[in-house]
Amino acid sequence: MTASATEAIAIAGNPNSGKTTAFNRYTGARQHVGNYPGITVEKKDGTAHLDGGNVTLIDLPGTYSLTAYSLEEVVARRVLAEDRPGAVIDVLNAGVLDRNLYLTVQMLELGSPLVIVLNMMDEVEKSGVKIDIRRLEELTGIKCFGAVARKGQGLDEALRAAVELASERKGRGEPLEISYGTEIDLALQKMTPMVGDAKLLTEYYPARWVALKFLEGDKEVVERAVAANPEVSARLKAATDEVTRQLRVAYNSYPEAVIADYRYGWISSILRNGVLEHAGDVLERTAASDKADEVLTHRFVGPLILLAVLYGMYYITIEVGNIPLGWTESFFSWLSDSVGSLISSESLNSLVTDGVIAGVGGVLGFVPLIMIMFFLISILEDSGYMARVAYMMDRVFRVFGLHGASIMPFIIGGGIAGGCAVPGVMAARTLRSPRERLATILTVPFMMCGAKIPVFLLFVGIFFDKRQALYMFMFTLLGWVAALLIARALRSTLVRGPATPFVMELPPYRYPILSGVLLHTWERTWQYIKKAGTVILGISILIWAGMTYPGLTDEQEEAVHAAREAVMANAAGLPDEEVSRRLLEIDNRAAQQDLDQSYAGRLGKLVEPLTRGAGFNWQTNIALIGGVAAKEVVISTLGTAYSLGSVGEEEASSLADHIEADPTWTTANAMSLLFFTLLYSPCFVTLLVIRQETGKWRWTIFCLVFNLALALGVATAVYQVLSRLA
Ligand code: GDP
Ligand code: MG
């Protein structure tokens, strides 16, 4: 008379959590004791009577974890995954909730349908600790019951819930997917499809779980995988080796430790999220981190410290970065001069100096600043502080109809300046709720991404010289404000729907290691440089061509020639300076005329009526249109426009000098341009990624059109107000 496994309910938990006590209460100690087949671990099953029916119960061996360290763990895991009991009652010693939840997390990762019993509530009450069981349910999405197994309290309710769950789920729950940090998450993203496509052990385990076991170096799973499919296993091992190397360099750690850290982080964030009243007193493992967190994530002090940290970051970036910035500027103007003098062909000369060097150089010139900023960001990330930032912002996010998990996409997208919307939009994959995910994807592009920064650095440097760091900081915050307000608006209109509860992982604080910080800094800087060498080089040449061709007509050339001749003919009796001044004036006018009637010039002028209210001239228009291709192009295009439009002004060497010398550029123009740059259409690559992630052209077009309209509206308002104040 054996019930099939899927009708059985398993009782799992750490040793000494009260499993056997509960089991005996349920079964009246009518149990069958034996050994698991082939293994000398005690196996007990029995029958419980509940509401007039019979329920088969299995008392699993007590384990702290589901790795394959001990026979008990191997057995527990096999029963859970292969016999698939209909549901699992997870018995926890509520007095050491954080340690006991470690097994819970792992069963959830495995996809076991759980009911949680918080046992020993009598002791908990005596100790004065308060556990908010409803809150725990809300955050984990699992039914939880307070219990005193020794007195039989709370047990029937739990069993009833387990039976109900078993009939609903038939032994299959939704596997919990938590984040294990960037490196491991990326590796899992790569490995999970390998496991899934090869159906490697997926009969029993979720694909992501198998990949996770490879990363944890789980001997049992790896051996079985190798036996089943040596090729795919070899590829999984190679991916594991790679991330192991990365983690060694970056954190002096290894995957298993990092994974464990993040599991504990998940637990600790649940407990401190209103489940435990004095979370800091009860959480054992991360005691030192908790002490620090009491201050750093404090309700009032935490956000103030956060603002101070962000401001400090801009301050250091700009104060320190201005020194090498001067060097790169002079280097590129020297390069332009010396290369220019080597090339005799006029159009080739223009292509190299005005197109390539002015364009790419304008972008590369910011490398030192960007490097310093990435260096500081890497320190914040590697130390674990960034996760706290996310945790603190969570409270704010709910108000705006977003999810706690929206923070990572925002931060990656440039919430702490220097991100990129492309990985930012992709990071929104961690959001479960489709509406919150969509609202996040659509608003990530408002953040201050690394490509917008040079535009801000340039204009803030010229017009707000005294307060650079403050202005940079302000615009970054403005990016947040815009994203949150638009998200709120979207969530009340186009993407309406309810909110889902959320748990954020808090890894313990670590001292960042220099090699890791340098590696992360270099990786990001290199990405930036590579983009300058490829996408931006290509676009620079394209835009240069648009600005150079079709060129002056023959008659116009002749007129310029004649004008020069005329000056030369009258040169006698005039001082040399006056002659060259007049010649230069003719050349400048010719260059201006040339740019005027170029393809790009025509396009820029075509949209001029639209942008006049925002204070943009047609050169700015060209730059902004180019910016849809890649935001860095705004700078490189202005660089090209100014070097094409003004020939041979000797003092004005850099783009900043050009703009500073141009009387038509006022603070109002600059401000309007910066607001526009912050808000307008995401770059081309981001648009493609939005299409890929939302699966709909509709949202891609929405981002393009809506953001453009918004940016133009705001920029126009800014310009109209500021130009009247001035
Ligand atoms: P197992 O290792 O998980 O099977 O745990 P046991 O059922 O053997 O229980 C371990 C110890 O905890 C025993 O001494 C039990 O009497 C005790 N115990 C079980 N449930 C409770 C409870 O609700 N309150 C208290 N105070 N002690 C309990
Ligand atoms: Mg026992």
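When a ligand or atom number is given, it counts from 1 through the structure's own listing order.
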Quick one: does ligand 1 sit under 4.0 Å from the side chain of [X], the backbone, both or neither, non-hydrogen atoms only?
X	answer
D122	side chain
K19	both
V91	neither

request  = Verify the ring-centre separation between Y102 and Y64: is it less than 6.0 angstrom?
outcome  =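 Centroid separation for Y64 and Y102: 6.0 Å or greater.
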ask   = For atom 27 (N) of ligand 1, which candidate among R150, K151, Q153 provides the closest heavy atom?
value =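 Looking at heavy atoms only, the winner is R150.
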key: Any donor-acceptor N/O pair, D132 side chain to R135 backbone, under 3.5 Å   =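 Answer holds: yes.
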query = Between S17 and V91, is there a donor-acceptor pair closer than 3.5 Å when you use the side chain of the first and the backbone of the second?
reply =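 Looks like yes, one N/O pair under 3.5 Å.
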key: Passing candidate, side chain to side chain contact (heavy atoms under 4.5 Å, CB included) with L60, options D90, V75, L80, I89   =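 Among D90, V75, L80, I89, the one that satisfies the side chain to side chain contact (heavy atoms under 4.5 Å, CB included) with L60 is L80.
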task = Check each of N93, V124, N100, L136 against L118 using the side chain to side chain contact (heavy atoms under 4.5 Å, CB included) test, and report the only one that passes.
result =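 Only one of N93, V124, N100, L136 forms a side chain to side chain contact (heavy atoms under 4.5 Å, CB included) with L118, namely L136.
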query = Is any N or O atom of M121, backbone or side chain, closer than 3.5 Å to an N or O atom of ligand 1?
reply =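 No, no N or O pair falls under 3.5 Å.
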ask   = Short N/O distance, under 3.5 Å, between V148 and ligand 1?
value =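 Among all N and O atoms of V148, none is under 3.5 Å from an N or O of ligand 1.
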R160 NZ/CZ over F145 ring centroid, <6.0 Å and within 45° of normal =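 Geometry flag: not set, cation outside 6.0 Å or 45°.
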query = Under a 4.0 Å N-O cut-off, is there an ion pair linking R77 with E220?
reply =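 E220 and R77: salt-bridged.
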Whether [X] lies under 4.0 Å from ligand 1, heavy atom:
X	answer
N93	no
P15	yes
G62	no

key: From CG (L66) to OG (S112), nearest 0.5 Å   =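 So the CG of L66 and the OG of S112 are separated by 7.5 Å.
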Please list, in number order, the atoms of ligand 1 under 4.0 Å from a heavy atom of [X].
X	value
E123	25 (C), 26 (N)
T20	1 (P), 4 (O), 7 (O)
N14	3 (O)

